[in-house]
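A short worksheet on the structure shown next.
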2 protein chains.
Amino acid sequence: MKLEINVKNDNREVQNSIISQIRDLINYKNLEPGDKIPSERMLSDKFGVSRSNVRDAIQKLEFYGILSSIPQSGTFVANIGVTALNGMIDDILRLKEPDFKSLVETRILLELKTARLASLRRTEADLIQMEDALNAYSEKVINGEKAVQEDLLFHLAIAKASGNSTLNTLMLMITPGIITNFEEYHVCSEDLAFNGIQEHRDIFEAIKSKNPGLAKEKVKVHFKALYQYCYSIE
Amino acid sequence: MKLEINVKNDNREVQNSIISQIRDLINYKNLEPGDKIPSERMLSDKFGVSRSNVRDAIQKLEFYGILSSIPQSGTFVANIGVTALNGMIDDILRLKEPDFKSLVETRILLELKTARLASLRRTEADLIQMEDALNAYSEKVINGEKAVQEDLLFHLAIAKASGNSTLNTLMLMITPGIITNFEEYHVCSEDLAFNGIQEHRDIFEAIKSKNPGLAKEKVKVHFKALYQYCYSIE
DNA sequence: TTTATAATATTGGTTAACCAGAATTTTGCG
DNA sequence: CGCAAAATTCTGGTTAACCAATATTATAAA
């Protein structure tokens, strides 16, 4: 286990090193938006790393919109000036693994918004999906079983009903981190699960009745305990 | 250009096909959290695709915390039950490219939060970095130059000062989409740039004086025009 | 039969060779 | 000399062979 972590850290360090070297190269050569950076082979040669390492680093910078690869042609600096480029790369290099508190803080923010938007935009199909998730959750809790998954699916159904694809994506992205930390910190709200049923239903009803204010309020209630717990462990 | 889009779509379709086949396989074999899925070679053989395609699909599912690869050992179903697994994979398969409206909607939400948190948590170093970005922005605008990058860097500096690593990451992730769409929709607020200087300074001063309510209010003012424009093009 | 050890098979990761298409250079005709 | 066409080089992407670490099986000693 220790080994695995080290391996991942090593890879990350290698990748960050390559990224910063690419940044230096762009600055040194005074490359501007749209210019082509050297080929992957030249970079792997110059940096003394494997080409796949270079490809991974480029892929990461592509993800953040800084570079753009065109097959059989080259990799180009995106339509973003050197100032922003340097700033963004510095930020990317300094990105830390998200801590529990920031994850929860962000999740609550997103959930308040998705619930509000869902109450304005939800379709009948959305309602059906949410109610299915809600029923699955209730059933499990009543039978005394763990219902973390069903809990999660209900919230993801809300995100989908929000009609905001970006929020939906962001919710999906932070979810695994939430789950991991929940288990690590033993945030097993089994005793609170019965309350959870009613809280979920309240949120659902608010969304169903197209009442954004009420929906937001009910989400606040639902996350009150988590919110306080999260701020207490700091 | 058309070709490039098609290629990307094709790749995406192949990847989605593999992802759904992996999901089907997990369901068919009744795999549970912690179980090992077949090796990459077996999957590429069974699905009739290249091993690198399988690796890419697995990497994506790893990103969303659904699978976990351990070198020289295998790829395992993460600690998440089949119910949530199926729901999340369905969501991932349906993820759409974010539209402009959802991007702006999300950006404003995040900016309101980061400004508020920054006013509570900003360090002296944060203030220096924000002021540097602010001055660089003002200088450009006064000289009649475009200052999109400097604008951006100011807002990223706020995100960093928020002390919330998750929010910082999310801001970085949606930024390229924002830039792309800004150019596509010609949201060049050059005429509004002079207003922007004062608006930025207002936000900065609110954060500096540790006034979260005021910071939020000033961000609202700053994004008012964008907000209305975004809701008008629908 | 049980257990410790060695041999084998399997795994994800890495490297190098290969591919099709784009960009560049060279060629050859007018 | 000008310019179109052909040959060559160069590109990111793909495939297949290889690697070291792991998991499994076979073996043998107690």
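Reminder, nothing fancy here: chain letters follow the sequence lines and each chain counts from 1.
- When the options A:Leu85, A:Ile18, A:Leu67 are evaluated for a side chain to side chain contact (heavy atoms under 4.5 Å, CB included) with A:Leu61, the one that passes is A:Leu67.
- When the side-chain nitrogen and oxygen atoms of B:Ser50 are compared with OP1 and OP2 of D:dT14, none of them lie within a distance under 4.0 Å.
- Rounded to whole Å, atom C1' of C:dT11 lies 7 Å from atom NZ of B:Lys36.
- Distance A:Gln72 CD to C:dA23 C1': 11 Å, rounded to the nearest Å.
- OP1 or OP2 of D:dT11 has not a single side-chain nitrogen or oxygen of A:Arg41 nearer than 4.0 Å.
- C:dT15 atom P lies 6 Å from atom CG of A:Asn53, rounded to whole Å.
- Here C:dT11 is the nucleotide among C:dT11, C:dT15, C:dG12 with the atom lying nearest to any side-chain atom of B:Met42.
- When each of A:Asp56 and A:Phe76 is assigned the nucleotide of DNA chain C bearing its nearest heavy atom, the one mapping closer to the 5' terminus is A:Asp56.
- To the nearest angstrom, P of D:dA17 lies 17 Å from CD of B:Glu40.
- Donor-acceptor pairing under 3.5 Å is lacking for the side chains of A:Ser165 and A:Asn168.
- Per the geometry, CD1 belonging to A:Ile37 stands 18 Å off P belonging to D:dC10, to the nearest Å.
- A sub-4.0 Å separation between OP1 or OP2 of D:dT11 and a side-chain N or O of A:Thr75 is absent.
- A side-chain donor from one of A:Thr75 and A:Ser69 sits under 3.5 Å from a side-chain acceptor of the other.
- One finds no side-chain N or O of A:Ser69 lying less than 4.0 angstrom from the OP1 or OP2 phosphate oxygen of D:dG12.
- The side chain of B:Ser52 contributes no N or O atom lying less than 4.0 Å from OP1 or OP2 of D:dG13.
- Ranking C:dT14, C:dT11, D:dG13 by closeness to the A:Pro71 side chain, first place goes to D:dG13.
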- Step by step, work out the ring-ring contact (aromatic ring centres under 6.0 Å, His included) result for A:Tyr227 and A:His222. CA-CA 9 Å; A:Tyr227 186 78; A:His222 184 51; over 10 Å; no
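- Taking 4.0 angstrom as the limit, A:Arg51 places none of its side-chain polar atoms (N or O) nearer than this to OP1 or OP2 of C:dA16.
- Proximity of A:Ser73 to the phosphate of C:dA23: a side-chain N or O atom is located under 4.0 Å from OP1 or OP2.
- Between the C1' atom of C:dG13 and the CD atom of A:Gln15 lies a distance of 15 Å, rounded to the nearest Å.
- Side-chain contact of B:Asn135 with B:Ser138: a donor-acceptor pair under 3.5 Å is absent, judged by distance alone.
- Residue contacts shown for B:Ser39 are limited to sugar-phosphate atoms, with no base heavy atom under 4.0 Å away.
- In this structure, B:Leu67 atom CG and C:dT11 atom P are separated by 16 Å, rounded to whole Å.
- What separates CG of B:Asp45 from C1' of D:dT15 is a distance of 14 Å, to the nearest Å.
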